[in-house]
Each structure stands twice: as structure tokens, then as C-alpha cells.
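What follows is one structure encoded as C-alpha cells, with my remarks underneath.
Chain identifiers are assigned alphabetically (A, B, ...) following the order of the sequence lines, protein sequences preceding nucleic acid strands; residue numbering begins at 1 within each chain.
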There are 2 protein chains.
Amino acid sequence: MSNVVNNYAYVSDEMRARVQASLDELGYQMDYLARGLRSGRTGFVALVVPSLAEPYFAALAESVIRAAREHRLSVLVETTGNAPEIEREVLQGSLTRMVDGVLLNAVAGPAPGIAELPAVILGESPPVANAPQVGIDNVAAARTVVQHLIDCGHRRILAYGNQDTETARLRFEGYRQAMTEARLGRLLNLDYDSGPWSAEGAYRDVAKLLRRRARPPEAIFAFNDSLAHGALRAIRDHGLAVPGDVAVAGIDDIAMSAFSEPPLTTVAPDLDELARQAVGLLVDRIDGRPAAHGFTRMLTPFRLVVRGSTVA
Amino acid sequence: MSNVVNNYAYVSDEMRARVQASLDELGYQMDYLARGLRSGRTGFVALVVPSLAEPYFAALAESVIRAAREHRLSVLVETTGNAPEIEREVLQGSLTRMVDGVLLNAVAGPAPGIAELPAVILGESPPVANAPQVGIDNVAAARTVVQHLIDCGHRRILAYGNQDTETARLRFEGYRQAMTEARLGRLLNLDYDSGPWSAEGAYRDVAKLLRRRARPPEAIFAFNDSLAHGALRAIRDHGLAVPGDVAVAGIDDIAMSAFSEPPLTTVAPDLDELARQAVGLLVDRIDGRPAAHGFTRMLTPFRLVVRGSTVA
DNA sequence: CTGTTAGCGCATTCAC
DNA sequence: GTGAATGCGCTAACAG
């Protein structure tokens, strides 16, 4: 029977047909759990992200689920809110014993125990023992956006979204490089405090900034689109025009960015490609194909999308 | 050993301590797969939705994941794009043999095979054999929004988003009721054709409508917020003012609705509550606690959120 | 080619 | 209270 369902070569046609008939008649359904126990595979991979309520991660998850399906894998999604204790909990819980591998976008250091599991880092989570990383070149992306802002004639450009994550550091570094190259020494930055970047938080931060500062910046480079949209709303509620008084740009090209008023200039990563790369690398590791030389970093293509928030 | 990890009552303290020590020393990790084989439980539930790229489903998924965690369950997310063939595939694949239950938001009829699995319907998927349903009262929600539009003085109100789904039918019915009660005989409706409701599709539909019709409707009741945002953008691109020329309202209260220009009047379901109810019902069924009398329908609270897209 | 069997790691049952 | 044994459904290995 097993030989039939698994298409074992050395079975006579007659036997195969006979078994198949019984299978159909009895409505046989494979128990994938038992197979998993035997083979050590479950056909599940985990996707760990801060929050599905954030459009970027939701879109990423959608792409990952579709990419995984190509490999006949199902995706278990866990959200952590960027809280290190929840990340640890998730990464040590029963979850990791039931999945073949994990796609990780985390903020905490490598949790003990995860090292054993095939893993791929999405973005810039703290490096896990020889897990390949996949993502856009954040420095280049940030540099591109800020360069665009500079090209639009702005000089007092604020970098918004700094926090204690590698992604934030890289995006700030891109900002710094672009500013320095343009001989714009005055770096301005505004921190974002808690949890995953969100429009709500950004609205509060930027509203407060505008109330406090006499002169608003000429442009705001928000570290992602959610922040940018919060900023946009705050600026307009403050009675200023976008891009007239303050230009705004972000990173991610979430769906909303094409529909906001004004539409948002941003950097669009190719999420389908990112997901494909990530799942591909994960499958390689699961199948025991080791990374090229112990460590890989795959860069996903991105492009600048210029919209009304920076040009009239 | 098994007795210790499972907190079996009749174990001497000394023995318990001794076993525990060995466990720690050897770094014992329970194999949940083997346990699952034995107990018939995996601790996984599946969430089947059309698309995580749609903010409503993304927010729903986030809530479901958090609610499931309260029950120590992990959530497997599958997206179907509302394509019946993919729904069937997902519902018959290995997935369903590995999860304890499934939360289903589908558009196709009940797939053969799913009937055996504990299931809870989210929204108005076609009824699956004695699976309880959870969701807002769509007729009431739609009626509330349309009533609000009527209260604002509008008469020529367009219902937008009709398609071959139960949710669409119910929302149209709410619209019809409100219109009829107000003695507004002229029902206007605009269909939405393919796949999950999206802002992109709505933009095209509404732009076309405005180009064709001499006189635009006074108000548009979009069957969800994504449609509303697409409509909003189309109306404004057409040179009309919102709400001055055309008022717009939706349902869902996705994050974007508080940040759009103008912000969107909508109906906000309590998603955390919905998720809690749904997971609770699912756990009941998994544990063999049958639904009250074979069939349950749980209504989630909602509230009208009035914003700038209907009132100046 | 075909039929039988050991054992994946656990929980449960049964002797002790 | 404790230790040993059975079997969940499957696959791989082996003997026929």
C-alpha cells in the first residue's frame, strides 16, 4: 500500500490498480502527522513577524504564503509585536518543534534553541547562526529616497523612525550618506519609541514635533510608509501643505500609498521576489543544501516610486 | 518520565525532582509531533481567508493569532484569493489532516472533506455542515451606515460592491431596508467583479462610472473600506469634492480609514472580540463540546464611526 | 516484484 | 507509587 501511494517503481500495474481501487473505496486519507513523525518533515514553515496589522508585513506574509505553496509548504504565522520576550517564547515554544524551518523578522537577539532549526532572516534581524538573510539594501534604498528629496531642492531633511533596530540604523545610514554627499551637514532626526512602526504612533510624534518647533523641516524621510502616512496627516492637520510646506517620503510602497492624499513617494521592494528568494533559501537549508560559504545575503530589487508627496 | 512532564498526580516528589534534573541536564525537548500522533491533536488551527494583502483580513488574522495564543494554539494561514478551486485545494490538502480545526472565510460551497473537521465560519461563507458562524450583523451594519447617509440629507445613494457572495447580498439588503424605510425607492447599485474587494478595482469601477454618468450619486455606500478608498480617490481625481459633491462611507474601519483625506466614515467591528469568539467556538468543537443546538450564529458588536467623508 | 516488520516519540494501560 | 509494554500510522529495510 505504502509503495503505491508513494509511487514506488517496482509495483506491478495490476497490483497498483487493485490497491488504488481499495484506497478510493475506503476513502483513504494519508495521516501526514504520522508521516511527519517518520520522515522528520511536516511541510510547515513558520513566519515570524512583528504584526500583521502593519501593511508591510501583511503584504509580505501574503507573498510568503504564495511562494511557500509553490513548494507545497504551509505557513504558520506568529506575530511578536517586536517584544523580545514574545519572540523568545515563540521561538522556543512547541511551534519550532513542529515546523521544518522558520522565516524570521525579529528584533531580539538569537533565541537559544533556534540555532538548530533551518532559518532565513527577513530584513535585518540580529544574525542567527549561519542563517542567510534576504531583503533590500536598506542603505541604498534610503540613500535613493533622500537623494530624491535633495534633488527636489530640500536641505533641512528630517530622518524619522530611528529606533534600536538594525533596519532603522541602516536607513539612517543611507540618509547620512546622501546628506553628506550633498554637503548637507545638518542631520536631523526624530526617534520612534515603541513597538512596530505605525501610523498612529507617527501621528503623535510628528504632531508634537510641529507644535514644539518654530520651523518645520522642509522634508521628512520616514523610515517606512506607515510612519510617513502618520506624518502626512499630522502635517496637514497642523495646517501645512504637502509637499508645499513639507515634503514626505517613505519606504515600502504599501497599498495605501497609492491612495493617500497626496499619494506617497516611496521605495517599492519586490515582495514576491523577496518571498521567493527567502522560501527558496529555506527549502535549500531544509533539504540540507548548505549556504554557499556558510553565510549568504540576498538583495531584493527595489525601485523609487515618485508621487505627489514630494512633487507637485 | 512521561508522568513528570504531564504533571501526573501520583509521582513522589523525590522522583519528580530526579527526573526533572535529568530532563534539564539532557536539554530534553518534547516532540510535539509524536505527541500529536498519539493524542490526535497538533495545537494548530488553520485560518483560511481570501488575501492578507487586504487590510481587513490582515487585521483579522492578527487578532486571530493573538486569540489563538491564549489557547496555546498556533495559526496556519492560507489565502485563496476567493478562487473556489484554490479553496477546495487548500481544504482538501495535507493541511486539513494536520490541524485541529479551521477558521474559514471562503466563498465557494462547502468542500467535500471539510465537514469532518471542526470548523467555524467567519462572516458568511456558505454554511458548512453544523459549523457555527461568527461575524457582525451585516444587514444591521449596512442599514446603520445608509441611515447615516440619509440623515446627512442624501437621497440618491449608490450601493457599491455587489457580487456573488453572501456578505455582499446581506450588505445590499441592509441598504435596501434603510432606503425603503426612508421611502427612497430608487435603489442604485454598482457591481464589483473579480476576487476580493480591493481599492485598485474600486478605483477603476468608480472612475468608469463617473465618466459615463452625467450626474454622480450624492453618496456612495461602499461594501467595505477598501472599495471606499478606491472610490474616494476616483471621485477626487474626477474633480469632485468629498463629501461636498459625493459623500462616501464604508464598512470595516481599516487602519487607513483614519488617515485618508478625508478620513472615512465607516462601521468598526470589534475584531479582537470576533477573533476571541471564533477561536472560543472552535476550541469548544475541538474539545467535543457541541454547539448549543446544532448550529450557532454569534454576532460581534460593531459601531458607526463618523468621519470627514460624510460630514464636513 | 510482494509481504512482513521495526521503530519514529509519545501517552496510556497494565502489572508490580 | 513505579516500571514496562502497547500502539498511534507511517516508511524504509528486508526477506521471500
Side-chain angles (χ1 to χ4, degrees), chain A residues 1-46 71-74 76 92-101 113-114 116-118 283 286-288, chain B residues 1-46 71-74 76 92-101 113-114 116-118 283 286-288:
Chain A
M1 184 281 267
S2 202
N3 288 335
V4 171
V5 293
N6 293 316
N7 264 315
Y8 183 58
Y10 304 104
V11 193
S12 71
D13 288 358
E14 189 250 340
M15 172 98 290
R16 187 180 299 276
R18 219 146 50 88
V19 171
Q20 191 54 255
S22 298
L23 253 38
D24 295 349
E25 189 177 356
L26 301 178
Y28 170 77
Q29 292 267 44
M30 157 90 72
D31 183 327
Y32 290 87
L33 208 63
R35 162 186 283 190
L37 178 60
R38 193 50 219 209
S39 67
R41 296 280 176 80
T42 60
F44 291 162
V45 295
H71 295 266
R72 329 192 95 259
L73 292 171
S74 289
L76 236 132
Q92 293 184 323
S94 61
L95 174 75
T96 54
R97 308 284 307 163
M98 299 272 282
V99 299
D100 296 338
I114 205 226
E116 350 269 299
L117 202 62
V283 169
I286 291 173
D287 290 346
Chain B
M1 185 281 269
S2 205
N3 288 335
V4 170
V5 291
N6 292 316
N7 263 315
Y8 183 58
Y10 303 103
V11 192
S12 70
D13 289 356
E14 189 251 341
M15 172 98 292
R16 187 179 300 277
R18 217 146 50 87
V19 172
Q20 191 54 255
S22 297
L23 253 38
D24 295 347
E25 188 179 355
L26 300 178
Y28 169 77
Q29 293 267 42
M30 158 90 74
D31 183 326
Y32 290 87
L33 209 63
R35 161 187 281 192
L37 179 59
R38 188 57 207 184
S39 66
R41 298 281 177 79
T42 59
F44 291 164
V45 296
H71 295 266
R72 329 192 95 257
L73 292 171
S74 289
L76 235 132
Q92 294 184 323
S94 61
L95 174 76
T96 55
R97 309 286 307 162
M98 299 271 283
V99 299
D100 295 338
I114 205 227
E116 350 268 298
L117 202 62
V283 169
I286 292 174
D287 289 348

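Proximity note for A/V5 (side chain, C-beta onward) versus D/dG1, D/dT11, D/dC10: the nearest is D/dT11. Residue B/N3 has its side chain nearest to C/dT12 when only C/dT12, D/dT11, C/dC10 are considered. Taking every side-chain heavy atom of A/V11 into account, C/dT2 is the closest of C/dT2, D/dG9, D/dT11. Nearest to the side chain of B/L37, among C/dG9, C/dA11, C/dC10, sits C/dG9.
Between D/dT11 and A/R35, a contact under 4.0 Å exists linking OP1 or OP2 to a side-chain N or O. Neither OP1 nor OP2 of D/dC8 sits under 4.0 Å from any side-chain N or O of A/Y32. Proximity of B/S2 to the phosphate of C/dC10: no side-chain N or O atom is located under 4.0 Å from OP1 or OP2. A sub-4.0 Å separation between OP1 or OP2 of D/dC10 and a side-chain N or O of A/Y28 is present. Regarding contacts with the backbone of C/dT2, a side-chain N or O of A/S12 is found under 4.0 angstrom from either OP1 or OP2.
Distance, B/N6 CG to C/dC10 P: 10 Å, rounded to whole Å. Rounding to whole angstrom units, CG of residue A/L33 and C1' of D/dG9 are separated by 9 Å. Atoms CE (A/M30) and P (D/dG9) sit 13 Å apart, rounded to a whole Å. Atom CE in B/M98 sits roughly 13 Å away from atom C1' in D/dC10 (whole-Å rounding). For the pair A/L26 CG and D/dG9 P, the interatomic distance rounds to 14 Å; values are reported in whole Å. Counting to the nearest Å, the P atom of D/dT2 and the OH atom of B/Y10 are 13 Å from each other. C/dA11 atom C1' lies 14 Å from atom CZ of B/R41, rounded to whole Å. Rounding to whole angstrom units, CG of residue B/D31 and P of D/dC10 are separated by 17 Å.
Proximity of A/L23 to A/M1: side-chain heavy atoms (C-beta onward) are separated by under 4.5 Å at one or more points. With a 4.5 Å cut-off on side-chain heavy atoms, A/N6 and A/R35 count as touching. When side chains are defined from C-beta on, A/R38 does not count as touching B/L33, because their heavy atoms never get closer than 4.5 Å.
Between B/Y32 atom OH and A/T42 atom OG1 the span is 15.0 Å, to the nearest 0.5 Å. Atom CG of A/L37 is separated from atom CG of B/L37 by 5.5 Å, given to the nearest 0.5 angstrom.
Contact annotation: side chain of B/R38 to base of D/dG7, donor-acceptor pair present below 3.5 Å.
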